[in-house]
J.: 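My questions all concern the structure below.
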Amino acid sequence: MSESMKTTLNELCQKDIATASDAELYTALLKLVQEQSQKQIKPVTGRKLYYISAEFLIGKLLSNNLINLGLYDEVRETLASIGKSLADIEEQEPEPSLGNGGLGRLAACFLDSLATLDLPGDGVGLRYHCGLFHQNFKNNIQNEAPDFWLTDQCAAKATDTVFPVSLAGNTYSARLYKLPVTGYEGRTNMLNLFDLDSVDESVIGDGISFDKKDIARNLTLFLYPDDSDEDGRLLRIYQQYFMVSAGAQLILNECAARGCNYHDLADYAAIQINDTHPSMVIPELIRLLEEHGISFDEAVQIVTDTCAYTNHTILAEALEKWPRHYLDTVVPQLMPIIEKLDDIAKTRTTDSSLAIIDQNQVVHMAHMDIHFSHSTNGVATLHTQILKESELAGFYQLYPNKFNNKTNGITFRRWLLKCNPALTSEIESLIGSGFKKDASELKKLLNYTDDAEVLKKLSCIKKANKEALASWLEDKQGIKLNTNAMFSIQSKRLHEYKRQQLNLLFLIHEYLEIKAGHTPATPLVSIFGAKAAPAYIIAKDIIHSLLTLSQVISEDPEVSRYLQLAFVENYNVSAAEKMIPACDLSEQISLASKEASGTGNMKFMLNGALTLGTMDGANVEIAEAVGNDNIYIFGQSSKQVIHRYAAGDYCAKDWYEADPNLRRAIDFLTSEEMLKYGDEEHLKRLQNELINKDWFQTLPDFNAYVVRKEQAMSDYAVNPEAWNRRTLINIAEAGFFSSDRTIKEYDDDIWHLGK
Ligand SMILES: *Cc1c(COP(=O)(O)O)cnc(C)c1O
């Protein structure tokens, strides 16, 4: 314990910390972090990055900041010496609700790596009051409630900086809030978040409903407000323009303050457009540069040199496009510019499928990004290849040099040091601490693959993490897990392409096998975490089916000795930090070609889970890194899937009728057992969808999935030492998936920061 830390905390608390409450200690620690991170702010020279994103899924900040500032151990020990637990104090902090899923988490990992690598790079986004909804379950159904996470203690501090933003002809003031982002032994950058003073949480009615037309009061209430009606879609455009207009003004101001004359903007700023939500930054910057006296043609060139675009998906419905009259309403000042950009695009190609404004007067945001930025990147090797060969093939022919790949990564500070301290210290005792800044050093662990003691230690750490997860879940949801079982986890947003329904069919199959007297090689605990978009009906039906099956199983002691199904409510970063270190088998079972990268897959691997996955996204690169013996791959290839879509000859019903096991599992959805706890409408709708549509081809992969998963269960049960060796190899080979590596590649190929 350090006396000086105790003195510091006493001063910050203005009392003896031994008598302070957790809330008081939390406030004191926030001040400590604030003071220390302030000291890491460094002047910017040369090019600075602005990473614009609709979401930043940053997770709780206190512990991570303490780790990055090198204060974590000292603080934890000092508190322990007076009988306080840092983990309890951390419970005081609400998790910021500024993100939704992988795309937002990627943005958060990138900010951590930028600051760690001492690169000047800020985030730009919105300060949502309630962000993504809070999920709770009632009668086995997902309900949505507002997540009032913003407190006075929120680390994002209001500034006096405001920028005027014109929405549908009315001027609003965007206030800048700054949230410091401190790297590991690095610098402090900023997450710049914009908000409108007049936004009013009291307009929220039942659940998460509110008057979508009342922009002055609702603008920044929610992330991704329901867009199933026109007012909701307009609101999304209001939000997007508010973010990029304020962001563009901030960028121009900051650059001018450093001596930029706007003609040389690209020497001062690099702007990364994270998916299409910030795309309007392109015409907005052109508009602002013209206001500063720069000609349209030059402004177009400046903006192209400054901006780069990241594509995150090939799902057609996620590539944003807006009817032109929406933009005429919300951002009339941009439409003449977008029209001129469209004219230029049409001089470059006669291919009408590459137009920004198509024949139906629909504006394609991604097309604007590709034409008028200098870089378009995919987020895993396979994904970039599919963009080049199919989804964006026309653009690739037109601009071959713009296309590049940047395989996603995760920050090891949060996804190893913070979430798995026991594994971290074991690794440190074996190979030293260099891996914290140079993740490739994890390969040194390969020297221990035959060390029985090390392998045993790994399994003890895993067991302890399972127990910690079990006790957290018991406190939270009253679920008791069998920690002697294999833990399989599928946690990610709920989407049909991610195929939680495939896992569901497996669990039904397993249930029926056990009922028939065929017990599995190992008891299995299957854990889910997933929110479904509130208007996504089939996704909610899948949640309902899983929760209903969970109840069927838990009410049946004959089965629950061998099989459990737990669904963690309100999956978020804090839940992920508890779940991932406890996982044996990581479920990455998307339909091949549909998951652009995935980053959950990397987190699980790093924490010593083996992957059960399709050859999709970064799973392909994980398989390459660990070798086929250390991963469970199954299912159709992306080529087969793409071919099946092109041929248009997939008929789910044929598969349903041909495979008795599959038919039995699907039929079970509306069995007496399920209807006892479930709702017929939901269960029937999902059953019908699977038999008659199954757009994401669950049925063709069912058999292979069952076989592979049962193989994994048997391997786990039969030879634990061999299993532990394979987990060690997964940890050792995870270095490539550090976001430090990803950020270095972005910097080398696209940004050239600080130069
Ligand atoms: C990493 C992460 C995701 C992304 O998971 P995928 O499996 O890559 O979709 C989503 N939500 C949270 C809370 C995460 O931490």
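Heads up: numbering here begins at 1 and tracks the sequence. Whatever order the structure lists them in is the order used to number ligands and atoms, beginning at 1.
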J.: Does either side chain, that of His383 or that of Asn405, offer a donor lying less than 3.5 Å from an acceptor on the other one?
T.: no
J.: Could you list which atoms of ligand 1 come closer than 4.0 Å to a heavy atom of Tyr571?
T.: 11 (N), 12 (C), 13 (C)
J.: Specify the protein heavy atom at minimum distance from atom 7 (O) of ligand 1: its residue, its atom name, and the distance to 0.1 Å.
T.: Lys492 NZ, 2.7 Å
J.: When you look at Arg413 and Asp740, which way does the salt bridge (Lys or Arg N to Asp or Glu O under 4.0 Å) test go after all the steps?
T.: CA-CA 10 Å; Arg413 270 75 61 186; Asp740 297 349; 2.8 Å; yes
J.: Against heavy atoms of Gly598, which atoms of ligand 1 measure under 4.0 Å?
T.: 8 (O)
J.: Who's the nearest protein heavy-atom neighbour of atom 5 (O) of ligand 1, and how far?
T.: Gly600 N, 3.8 Å
J.: Among all protein heavy atoms in this structure, tell me which lies nearest to atom 14 (C) of ligand 1, with the distance rounded to 0.1 Å.
T.: Lys603 NZ, 2.9 Å
J.: Any chance the rings of Tyr645 and Trp695 have centres within less than 6.0 Å?
T.: yes
J.: Taking the six-membered ring for Trp, are the ring centroids of Phe567 and Phe137 within less than 6.0 Å of each other?
T.: yes
J.: Parallel, tilted or perpendicular, judged at 30° and 60°: which one describes the rings of His495 and Tyr536?
T.: perpendicular
J.: Within ligand 1, which atoms have a heavy atom of Asn572 less than 4.0 Å away?
T.: 13 (C)
J.: Within 45° of the axis and under 6.0 Å from the centre of the six-membered ring of Phe506, does NZ or CZ of Lys709 qualify?
T.: yes
J.: Would you please classify the geometry between the Tyr746 ring and the Phe110 ring as parallel, tilted or perpendicular, with 30° and 60° separating the classes?
T.: perpendicular
J.: Quick one: which ligand 1 atoms are inside 4.0 Å of a heavy atom on Val573?
T.: 13 (C)
J.: Of all heavy-atom pairs between Leu132 and Gly99, which one has the smallest distance, and what is that distance?
T.: CB-O, 3.5 Å
J.: For Glu595, is at least one N or O under 3.5 Å away from an N or O on ligand 1?
T.: no
J.: When you compare ligand 1 with Asn601, is there at least one nitrogen or oxygen pair between them that comes in under 3.5 angstrom?
T.: no
J.: Evaluate Glu55 against Tyr224 for side chain to side chain donor-acceptor pair (under 3.5 Å), listing each step before the verdict.
T.: CA-CA 9 Å; Glu55 4 170 349; Tyr224 302 143; 2.7 Å; yes
J.: Numbering the atoms of ligand 1 from 1, which are under 4.0 Å from a heavy atom of Trp415?
T.: 15 (O)
J.: Please state which protein non-hydrogen atom is closest to atom 8 (O) of ligand 1 and give its distance, to 0.1 Å?
T.: Thr599 N, 2.8 Å
J.: Would you mind telling me if ligand 1 is within reach of the side chain of Phe604, the backbone, both or neither, using heavy atoms under 4.0 Å?
T.: neither
J.: Below 3.5 Å, N or O to N or O, backbone or side chain included: is there any such pair between Gly102 and ligand 1?
T.: no
J.: Using a strict 4.0 Å cut-off to heavy atoms of Lys498, name the atoms of ligand 1 that fall inside it.
T.: 9 (O)
